[in-house]
Amino acid sequence: MRLRDCKEVLEMSEFNIIGKRVPQKDAVEKSTGAAQYVTDLKLPGMLYGKILRSPYPHASILCIDTTRAKRLPGVKSVITFSDTPQIKFGPLVDDWYILAKDKVRFIGEEVAAVAAVDEDTAREAIELIRVEYEELPAVFTPGEAIQPGAPIINPEYPNNVVSHFKVERGDVEQAFREADLVIGDEFYANQVYQAYMESMACIAQSDGRGHLTLWLPSQVPSKTRMSYAKALGIQPRDIRVIRPHVGGGFGAKMEYDADLICALLATNTGRPVKIVNTRMEDFEAGNPRVPMSFDLRLAFKKDGTLLAKDLKALAGNGGRTVYGPAIMSTACYRIDSLYRIPNLRADGRLVYTNTVPTACFRGFGNAQATFALESLLDMAAHELGIEPAELRIKNSFNNGDTSPHGWFISTSGLADTIEQATQAAGWNDKKRNKTTRRGIGLACTNHVSGNRGFYRPFDGSSAILRVGESGQAVLIQGEAEIGQGQNTVYAMLAAEAAGLRYEDVTVAQVDTLIGPFGLGSFASRGTVLGGQAVIAAGKDAKRKLLAEASSMFNIPVEKLDIREGVVCRLPEQTKMATVAEVASHYMFRQGGCPLTGEGVYVPDTVVPDPVTKIGNISPVYCFATHIAEVEVDTETGQVKVLNYFASHDVGKILNPVGLEGQVEGGVVQGLGWALMEDMVTVNGKVQNPTFLDYRIPGVRDIGKIHVSFVETNDPKGPYGAKGIGEPALNPVTAAVANAIYDAVGVRIKSLPITPEKILAALEHTCML
Amino acid sequence: MKDIAYLRPQILQEASDYLLAYPDAKLLAGGTDLILSLERKKVTPTHIVDLSGISHLNQVVFENGILRLGAMVTIQELHEIPIVRDKFPDIAVAAGHLGCWQVRNRATLGGNLANAAPSAEMAPPLIAHNAKVKLVSSQGERMLPLEEFFTGPGRTIMHQGEVLAEIIVPEPREGLEMRYSRHALRRSMDISVVNVVVHLQLKGEIVIDVKIVLGAVAPTPIRSKRAEEILVGKKLDNILISNAAQAASLECQPITDVRATAGYRRKMVQVLMERALYSFFKGGAALES
Amino acid sequence: MKVNIKIMVNGDPYFVQVSPFRTLLDVLREDIGLTGTKKGCGEGECGACTVLMDGKPVNSCLFLAVQAEGKEITTIEGLAAGNLHPVQEAFVAKGAIQCGYCSPGFILTAWALLKTNPHPTEEEITTAISGNICRCTGYQKIVEAILDAAQRLQGGVGNV
């Protein structure tokens, strides 16, 4: 790539790279198969680990006999509870042991593990372990689990309620009394599986002196280190996490028990150990979405003004706690920053059940609540005789508003996204010329870009940009690319802020030995929090480059600028040097130390008060409107998505390719949830733990997706940008449900909206 | 499982000998079903007998109005071969619905039939075509109608030592029209909830010949003889179609599983039957692609 | 009981000793060390392990290594020497790659299609790749990339 001349680069638009269509930074190595994922890595002397999992949903462990397994040639280690540190731990609630102590709480719970010279031997050894169980009465649904006399899963929670979230603002009762319309119904958002293509995997290696290295496809490498240190009874400094390429995560790849088992096996054997879930294990003992049922009521004035919202939620935690409590609270009140509702009440309970533990999945509870709220709003719009779009615009938050929970909405593009999506969809035309069995439905969403409550010690991000002697730059940070294109955006931001060429910036894989503590990929936070830190690092590097150039050429800093790797003199627009020349000058003057920009971003977010729940969890808030256009086969109940329109307030378009990719992928994932995905569980056993029976959409199951963006240029976003990952999925289920209602007049309130449910509802309607 | 032996016979008799000698041997054709069963430990064979060394098993011959399909012919070949597409379009279409391209390139006709899944995609059209199967063993060979081949889910009439060698399909009579349709919950890569094959010949508006085969709605693929009786000799009209479709949906014996309830399957039989029968009004354009 | 086989992978002969039930996928990844072929499900339902056998796409997880004797296997590593293959270029340029775990399988399936059908319709493309699951992209950019690859293979520039 040639370097441009100064005139050219200085007269370019405001941005050199921001806003351009940029393919993923590592797309080339992914296209050739060269990109290495944890599942691909093989270390010298590596052993293979396997986990013996509970076949019972709830049982006492009477005894475990590992004698035969230990005798099998090729087996290097067999461990049970007594071989573990026996410390209780957990990301939010200390209800985990690395291996089950005296009882199991779900089918798939980890009971014992082996390490052997190859996978077949490990598998065989697992089958040789004898465990005697005594089955205990089990409970599988949250509804049953809260009944008096239900079997108790964790004695520390005698009513099975893990967490109970309550919040109230204004006077809800009075608002309902005074309302012109009160509307309420029950909704169910089912348990679904993230279905990332690379199943959970780990490689662990011990140096024999108590130091562990873990290769993890982790969304939260640094945070994982803290949780794992506690579980293993060691210090965080004793754990190094390296994150190679990651084959998708969507929320699932946070703390995972198999990583710790792998660590123990590696410590025991002194050899590297690899554990990779089979797809079936991943279905049965992964981290699926928290299922939730809602009882939701809304109160309106005749003109559509929202007066009150009253939400009761009941959610399934599974047999031990991952992130359920935070997901439950999110479902209870995050959505209150979407519409102005002065009177609010939420009461949500998260309940133990003898099923697989539930966790984060794109949308983090807000996706579940959005299905309920946006379905009920559609029902209200019909009752009120107000257009669905108008009802939402009327109640939407505006720039500078603060929600009743204290969340400061610096910018809201909600109304603009409604406008843009309805225009793109030809909403009015399609409404006027409605044909039978075809329908169109709209749903909105809000989301955060970061979550101050997720990790109490701090919020924010940091980055280091090291500019070497050839002008090549390496960005070192602790945030976690998991396939979404985050590193590409970071390289763009670094290049833009530092004045480098995009192609000169590489982003290092995360290694906690080297990089800063990054909170990681959750809460759609990467672009905003990590991005601001990257910009800060870029600016710091640029400041140092300018200072160096200034002293090299004896020109005041104010008369110099750097763009696209070229140092220019102002206002003459003459080229003084390349960044490479300046950087190498700096480096050799500094005893070989490369020029390094450091960037720190600490947002002004506020941890929600534990009692009042008042806080402000994200620096910026995102908004979106989705419209689904469907055709329903009234004889088979099958739904065909014809077109799908998604408009997102992204603050500022950084990389259109990445944004479109996130939205298209989120929409398809949402369509899967809306129409086909369901973890069918009978007596705690997943009935469809394969991609054949757990249907995720294939290329032929989706319609044409039309994506558009609204730029609100949020003053707190990196160059004005907001997050995108989760809002891309949140509104899909409701948009589809609303479209189906428009098409054939049946309202399905329980996900997924299967052909059988539609047929049953149609038959019911006919009989009336 | 580590001790599985691998055998690759060159002739059919040799394969049969192995099966007789080793009662727990398993035949390997394309492997798309066998490998899954091995992986899930549904089968624990002592020997794998690979049929790929037997050269003539992948032949397709059309002679004197008879189509002879070797058991090792792949599903993708069935989907693509011009003679099949031309003269047996419902077979070609059914083949196109099995799994995906990658699976169709490996899966074989013999494997699809011999595994005897109630939803086996290839069985209904072949039964409707009066296909016969040739079973070979070291004792000799026998031919029987495919319709009699299946005895239950995963079970066939084959004896120990018999190998399904060939499927023989007579060319359909002039004027016979064929419809294959299926209902699945995903538009590809999915097992049918129901599949329906209707072969029908009209003279004017009168049905002079009809054959109806249903898949995935009984322990084996089944003929709906009741529906056939209702239709034959009658004028094809709305009431007749409705009656025949209803008869078929009553005649099948579906189960409830993770894909669909029995009730839904019955309804889908009725819907697919009605749609198939109505399509004969329109001059036979609508073979589902 | 292990079997000695010779398989041709990307034009190179490999002599390996395998158990009869060992899949081609495991041999490629573990024994030969070609990890570009991914294991997504191990059950033939996701297409991540797609390789070409005599030019045809197959799931290497549903393929016993012993069956590969005498066949020409092409993995993603063998698609292009040095520079990117036009199909790879198109996938990169069109943003059809996110986490990348499904990409080798999609790219090989697409190439198998374009070799025999240089001007596929969208319908033909979606039929060809319906056995490949992608959980990140929503497929739209993958279909665009295959259409673009068709142009590139025709010597057209392909709009980047």
Side-chain angles (χ1 to χ4, degrees), chain A residues 21-24 26-37 39-42 118-120 194-199 245-250 276 278-280 482-485 656-658 660-669 671-672 690-692 696-700 702 704-705 707, chain C residues 19 21-22 26 29-30 33-46 48 75-80 84-85 87-105 107 123 125-143 160:
Chain A
R21 297 188 72 83
V22 181
Q24 268 202 20
D26 45 17
V28 168
E29 60 190 288
K30 287 172 177 171
S31 80
T32 61
Q36 295 272 296
Y37 300 76
T39 44
D40 298 330
L41 301 177
K42 198 173 186 175
D118 57 42
E119 249 187 310
D120 290 331
Q194 294 87 349
Y196 33 76
M197 295 313 294
E198 181 195 31
S199 60
H245 288 286
V246 180
F250 313 111
V276 178
T278 64
R279 187 53 71 176
M280 210 172 268
I482 54 170
Q484 74 275 53
V657 177
E660 290 159 9
Q662 282 296 294
V663 176
E664 290 166 11
V667 166
V668 170
Q669 221 165 41
L671 291 176
T690 64
F691 282 145
L692 180 63
I696 68 179
V699 67
R700 293 170 76 82
I702 50 170
K704 176 93 184 131
I705 303 162
V707 182
Chain C
S19 302
F21 56 84
R22 193 160 175 84
D26 285 344
R29 287 178 54 82
E30 309 288 332
L34 294 173
T35 54
T37 308
K38 304 300 179 195
K39 182 174 186 171
C41 69
E43 308 205 323
E45 288 148 13
C46 76
T75 71
I76 192 70
E77 290 91 345
L79 190 57
L84 291 188
H85 187 277
V87 180
Q88 290 168 322
E89 281 175 6
F91 268 67
V92 170
K94 287 293 174 185
I97 297 174
Q98 285 191 29
C99 89
Y101 210 74
C102 69
S103 306
I107 289 168
E123 173 76 17
I125 289 172
T126 59
T127 301
I129 61 173
S130 66
N132 296 76
I133 290 176
C134 170
R135 192 61 159 170
C136 295
T137 66
Y139 302 104
Q140 202 147 291
K141 295 199 184 307
I142 292 177
V143 174
V160 179

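Source: prediction; values computed, not measured. Scope of the values below: all heavy atoms of this structure, side chains included, with no hydrogens, waters or symmetry mates.
- Listed here is the closest heavy atom pair of A:G248 and C:C99: N-CB, 3.5 Å.
- Considering only heavy-atom pairs separated by less than 4.5 Å from chain C, the leading option among A:Q484, A:M280, A:H245, A:Q194 is A:Q194.
- In this structure, the separation between CD1 on A:I482 and CD on C:Q98 is 10.0 Å, given to the nearest 0.5 Å.
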Criterion side-chain contact (heavy atoms from CB on, under 4.5 Å) on A:L692 and C:E43, from CA distance to verdict: CA-CA 9 Å; A:L692 180 63; C:E43 308 205 323; over 6 Å; no

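- Taking every heavy atom of both residues into account, C:G95 and A:V657 meet most closely at CA-CG1, 3.7 Å.
- Of the atoms belonging to C:L84, it is side-chain heavy atoms, and not backbone ones, that fall under 4.5 Å from chain A.
- In this structure, CG on C:D26 lies 8.0 Å from CG on A:D120, to the nearest 0.5 angstrom.
- Inspection of the A:Q36 and C:T35 side chains reveals an N or O donor paired with an N or O acceptor under 3.5 Å.
- Only the side chain of C:V143 comes within contact range of chain A, with at least one heavy atom under 4.5 Å from a heavy atom of that chain.
- Applying the ring-ring contact (aromatic ring centres under 6.0 Å, His included) test to C:F91 and every residue at least two apart in sequence or in another chain returns nothing.
- With a threshold of 4.5 angstrom between heavy atoms, A:A195 approaches chain C through its backbone and through its side chain.
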C:T137 and A:E664: CA distance, side-chain angles, deciding distance, side-chain contact (heavy atoms from CB on, under 4.5 Å) verdict: CA-CA 6 Å; C:T137 66; A:E664 290 166 11; 5.9 Å; no

Audit row: A:R700, C:S130, side-chain hydrogen bond (donor to acceptor under 3.5 Å, both in side chains) steps and yes/no: CA-CA 7 Å; A:R700 293 170 76 82; C:S130 66; 5.5 Å; no

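- At least one side-chain heavy atom of C:R29 sits under 4.5 Å from a side-chain heavy atom of A:T39.
- For the set A:E198, A:R21, A:K704, A:E119, the entry with the most heavy-atom pairs within less than 4.5 Å of chain C is A:E198.
- Using a 4.5 Å heavy-atom cutoff, the side chains of C:I133 and A:I696 are in contact.
- When heavy atoms are compared at a cutoff of 4.5 Å, A:S199 does not approach chain C at all.
- Closest approach of A:I705 and C:Q140 over heavy atoms only: O-NE2, 2.6 Å.
- When heavy atoms are compared at a cutoff of 4.5 Å, C:I129 approaches chain A by way of both its backbone and its side chain.
- To the nearest 0.5 Å, the span separating OG on A:S31 from NE2 on C:H85 amounts to 11.0 Å.
- A:M197 and C:C46 get closest at one heavy-atom pair: CE-CB, 3.6 Å.
- Atom CD of A:E29 and atom CD1 of C:I97 lie 10.5 Å apart (nearest 0.5 Å).
- Looking at C:T37, neither its backbone nor its side chain comes within 4.5 Å of chain A, counting heavy atoms on both sides.
- If you measure heavy-atom distances from C:E30 to chain A, the contacts under 4.5 Å come from both the backbone and the side chain.
- Under the rule for a ring-ring contact (aromatic ring centres under 6.0 Å, His included), the partners of A:Y196 that lie at least two apart in sequence or sit in another chain are A:Y193.
- For chain C, the nearby parts of A:Q662 are the backbone and the side chain; heavy atoms of each come within less than 4.5 Å.
- Between chain A and the options C:S103, C:C41, C:P104, the largest number of non-hydrogen pairs under 4.5 Å is found for C:C41.
- C:G40 and A:F691 get closest at one heavy-atom pair: O-CE1, 4.3 Å.
- Neither the backbone nor the side chain of A:V667 comes within contact range of chain C; no heavy atoms are under 4.5 Å apart.
- Proximity to chain A (any heavy atom under 4.5 Å) is restricted, for C:K38, to the side chain, taken from C-beta onward.
- Proximity to chain C is limited to the side chain of A:V668, based on heavy atoms less than 4.5 angstrom apart.
- Shortest non-hydrogen contact noted between A:P697 and C:Y139 is O-OH, 2.7 Å.
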